[in-house]
Amino acid sequence: MPLSEPQLQRVLDDIAQTAAASEDKGKVADYIPDLARIDPNRFAIAVALPGKPTLHAGDAHAPFSIQSVSKVFTLALALGKVGDRLWNRVGREPSGQAFDSIIQLEQEKGRPRNPFINAGAIVTTDTVLEGATPRETLGALLRFVRAAAGDDDIHMNESVAQSEIATGHRNFALAHYLLSHGNLRNAPELTLGTYFHQCAIEMTCAQLAKAGQFLTGVPGAPRMVSQNRVRRINALMMTCGHYDGSGEYAYRVGLPGKSGVGGGILTIVPGIASVAVWSPGLDHYGNSKLGTQAMQTLAEKTGWSVF
Ligand code: GLU
C-alpha cells in the first residue's frame with residue numbers, strides 16, 4: 001500500500017530528526033574553500049510528487065551548492081544538442097574510481113568512462129559549449145534548470161565558481177589530458193570556467209526535487225527530454241551517479257541518484273517521485289553520508305525501489 005501524504009510527511013520528519021541527532025555526519029568537502037565553510041549540521045529533504053505539493057522536512061528552502069548534481073542537467077542538454085554522438089567522446093560504464101581520478105583516462109586514451117565522473121562531465125560541458133560562448137551555454141543551462149523546477153529564482157554562486165577556478169588543479173589536469181588526446185574542442189580555461197560555474201548553481205532541496213521531476217516519467221511532470229532519454233539518463237544515474245560508491249547506493253537505496261560534493265543527492269523514483277536530500281558531510285567516496293542514510297530509510301519505509 002502506498003503511504004498517504006501525511007504518512008510520508010511523518011517519515012520525512014523522522015528522517016530529519018534522526019539526522020539532527022546523528023553524531024557522525026561525515027566530513028564537509030574542504031578542497032573547495034567556499035564549501036569548507038558550510039555548517040555540517042544543515043539537513044534537508046524534499047519529495048516532489050508531480051501534480052501535488054512538494055513535501056519536505058529540515059532546511060528545505062536553504063540554497064546549497066548542487067555541484068555534480070548539475071551534471072545530470074548538462075547531460076540532458078548535451079544529448080539534446082548532439083544526440084548519440086556524445087558517446088563517441090565519453091563512455092557509459094561505471095568507473096570504479098574516484099570522481100576526480102586521472103588513472104583511467106590515461107589507460108583509456110582520453111575517453112572518460114562516463115559523463116558523471118569529472119573527466120566525462122568536462123567533455124559533456126565542452127560538447128554543450130562548442131559553437132557558443134560560456135555565457136550563452138550557462139544561460140541555456142540555467143533556463144533548462146529553471147524550467148524543470150518551474151522556478152526562476154535559481155542562480156550561480158560566483159564566489160564558489162571563482163573558488164574552484166583558483167584551486168581546481170585536478171580538473172585542469174584532466175582538461176589538459178583530454179586536450180592532449182584531442183577530446184576537448186574548446187580552450188581548457190573556457191570549458192573549465194563553464195564547468196565550474198555549472199557546479200556552482202545553488203538550489204534548495206525543494207527546488208532540486210522539483211527540477212528532477214522531468215526524469216520521473218510521470219504524466220504531468222515537465223517534459224524536457226524524450227521518454228527514451230529519461231530511461232537512459234536514469235540508467236546512467238543508477239550505474240555511475242555516485243562514482244565508486246554507485247554499487248553501494250544501488251544496494252542500499254535501489255534507485256537512480258546523482259550526488260554532489262556540496263552534500264546534495266537527487267534521486268529519482270521512476271513513475272512516482274523526485275527526491276532531493278542535502279547534508280554537507282561526505283563519506284569516503286565523496287557522497288553525502290547522512291543523505292545516503294536518509295534515502296535508504298526513505299526507500300525502506302516507502303518500499304520505493306526499481307528492483
Ligand atoms: N565541482 C566539483 C569538482 O569538479 C564537483 C565534484 C562533485 O560534486 O562530485 O571537483
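Both counts, for ligands and for their atoms, begin at 1 and track the order of listing. Because the structure is predicted, anything quoted here is derived from the model rather than measured. The chain is numbered in sequence order, starting from 1. Because only heavy atoms are used, hydrogens play no part in the values below, and waters and symmetry mates are left out as well, while side chains stay in.
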Self-check item: Ring-face cation of R92 near W87 (centre distance under 6.0 Å, axis angle within 45°)
Solution: yes

Quiz item: In the single-linkage hydrophobic clustering (I, L, V, M, F, W, Y; side-chain heavy atoms under 4.5 Å), do V28 and L282 co-cluster?
Solution: no

Exercise. For Y177, check ring pair (Phe, Tyr, Trp, His ring centres under 6.0 Å) against everything at least two apart and list the hits.
Key: H181

In a table with atom names and distances, give each donor-acceptor pair under 3.5 Å that connects a side chain of residues 262-274 to protein atoms at least two apart or in another chain.
unit_1 : atom_1 : unit_2 : atom_2 : d
T267   : OG1    : Y249   : OH     : 2.7
S274   : OG     : A209   : O      : 2.6

Exercise. Please say whether more than 12 non-hydrogen atoms of neighbouring residues, nucleotides or ligands are located less than 6.0 Å from NZ in K301.
Key: no

Quiz prompt | Set of residues that line ligand 1, where lining means a heavy atom lies under 4.0 Å from it | solution = Y31, Q67, S68, F99, N118, E164, N171, Y195, C199, Y243, G260, V261

Using distance only, find each side-chain donor-acceptor pair of residues 160-169 under 3.5 Å and give its atom names and separation, not counting sequence neighbours.
unit_1 : atom_1 : unit_2 : atom_2 : d
Q162   : NE2    : E158   : OE2    : 2.6
S163   : OG     : D34    : N      : 3.3
T167   : OG1    : S163   : O      : 2.8

